[in-house]
Amino acid sequence: MLDEPRSGRLAAWGNALLAGLVSPDEAAHRIAEDDAVHRVEDLPGEAAPVGLTLALGRLRTLGAVGLRVALPVAGHPLGLCGPPEFNARALEAGEAVLAAGAGLGLVPETYEAGPEGGAAADVHVEVVWRCLPVREAPPADVPSLGEAERELAEALRDATEVLSKLDVAGSGPVAQAALEAYRARSEAGRQVLAPGYPPRAVRVLELAQRVGALIDIARGAGGDGEHGGAVSSSEIAARAEALRPVDRTARRAQVAAYNSAVEERERHRG
């Protein structure tokens, strides 16, 4: 969870655009970030793939009043509301965006291009967002910001305890790399959310990302591959079981933070 989900960037900056707080060009630039290009396919009214600027404008004309995030995994359809075809695609991608009011959802597909064996800087990532119909229904298992913040405080203690029990806190090259990546990102002065989000959402998202970093460290610490210091299948299973509820809480909090702009606007309209 060290990397911000593309669905999070699309929802955050798309919401800022829909609220009139940023320009279309700035929103598109912030969403794409380091990717080479983003396109949207199968958008109603468009016969061919279109860029983000046109796609966001089209979603507005189709009735979109806000964008929500889904971060589902097997057994936990977090943020989804159907139908099955959309849920299946979102689950495969591990993320999606739902356009509230338009009955549409977007699922990212990524493609990498570059010289074989070349440096990471030489790899160009293209993102295609597939547009599909979705149900206008409450998304699954998304907490309020207040609930997410309370759950995260406990999850942070749990994650720290798991690291301590596994004796992997900060150990091994994989753990060190994860920790340094998190620190570098935290110290870069980046804008965590787009304009228009409440301060509590920023606080919740930052804490969720911190918990996510600890989870990645616990999974990768120890220096012997994906499962870190675990040396047996039973230890691998025990680590995964210990981390599962913490990971679930961190993902729920991320979704709550990204979706808070839409929830706030709907409360004001109500």
Side-chain angles (χ1 to χ4, degrees), residues 1-41 43 49-60 64 66-72 78-80 89-90 93-100 102 104-112 123-131 139 142 181-182 184-186 188-198 201-210 212-213 250-265:
M1 201 182 293
L2 286 170
D3 295 324
E4 183 179 25
R6 289 182 173 88
S7 56
R9 295 202 305 268
L10 176 56
W13 289 95
N15 283 328
L17 174 61
L18 291 173
L21 300 175
V22 298
S23 69
D25 286 344
E26 181 180 4
H29 174 72
R30 295 281 194 162
I31 294 166
E33 204 172 64
D34 295 330
D35 297 332
V37 65
H38 282 229
R39 295 186 180 89
V40 179
E41 290 194 0
L43 191 64
V50 299
L52 284 172
T53 303
L54 196 156
L56 290 169
R58 174 66 68 185
L59 287 173
R60 189 204 299 266
L67 303 178
R68 289 189 173 98
V69 169
L71 296 177
L78 175 61
L80 298 178
R89 283 181 176 262
E95 60 178 311
V97 172
L98 293 82
L104 296 169
L106 303 169
V107 180
E109 299 174 1
T110 59
Y111 304 90
E112 294 185 354
V123 176
H124 301 283
V125 178
E126 297 186 2
V127 180
V128 174
W129 294 89
R130 302 285 178 185
C131 186
V142 179
Y182 175 73
R185 191 182 65 178
S186 298
R190 66 190 178 92
Q191 188 166 356
V192 177
L193 279 171
Y197 278 84
V202 175
R203 187 167 67 246
V204 167
L205 184 57
E206 286 179 327
L207 185 54
Q209 291 171 343
R210 182 181 174 192
R251 285 187 300 103
R252 290 180 77 231
Q254 280 199 92
V255 173
Y258 286 122
N259 294 3
S260 61
V262 182
E263 310 303 339
E264 188 125 329
R265 282 202 293 272

Closer than 3.5 angstrom, by distance alone: can the side chain of Arg39 be matched with the main-chain N or O of Pro49 as a donor-acceptor pair? no
Give me the atom names and distance for the closest heavy-atom approach of [X] to [Y].
X	Y	answer
Ala250	Ala208	O-CB, 3.7 Å
Pro108	Val127	CB-CG1, 4.1 Å
Glu95	Val107	O-CG1, 4.1 Å
Leu193	Ala257	CD1-O, 4.4 Å
Asn259	Val69	OD1-N, 2.7 Å
Ala90	Leu80	CB-CD2, 3.7 Å

With distance as the sole criterion, is a donor-acceptor pair present between the side chains of Tyr258 and Asn15 under 3.5 Å? no
Could you check whether any side-chain heavy atom of [X] comes within less than 4.5 Å of a side-chain heavy atom of [Y], counting everything from C-beta outward?
X	Y	value
Leu56	Pro24	no
Leu59	Val40	no
Pro139	Leu98	no

How many angstroms lie between [atom1] in [X] and [atom2] in [Y], if you round to the nearest 0.5 Å?
X	Y	atom1	atom2	value
Leu207	Gln254	CG	CD	11.0 Å
His29	Trp13	NE2	CH2	9.5 Å
Arg9	Leu52	CZ	CG	10.0 Å
Leu43	Leu104	CG	CG	7.0 Å
Glu26	Thr53	CD	OG1	11.5 Å

Could you walk me through whether Leu10 and Trp129 satisfy the side-chain contact (heavy atoms from CB on, under 4.5 Å) test, starting with their C-alpha distance in whole Å, then the side-chain angles of each, then the deciding distance to 0.1 Å, before giving a yes or no? CA-CA 10 Å; Leu10 176 56; Trp129 294 89; 3.8 Å; yes
Please determine whether a side-chain nitrogen of the Lys or Arg among Arg6 and Glu33 lies less than 4.0 Å from a carboxylate oxygen of the Asp or Glu. no
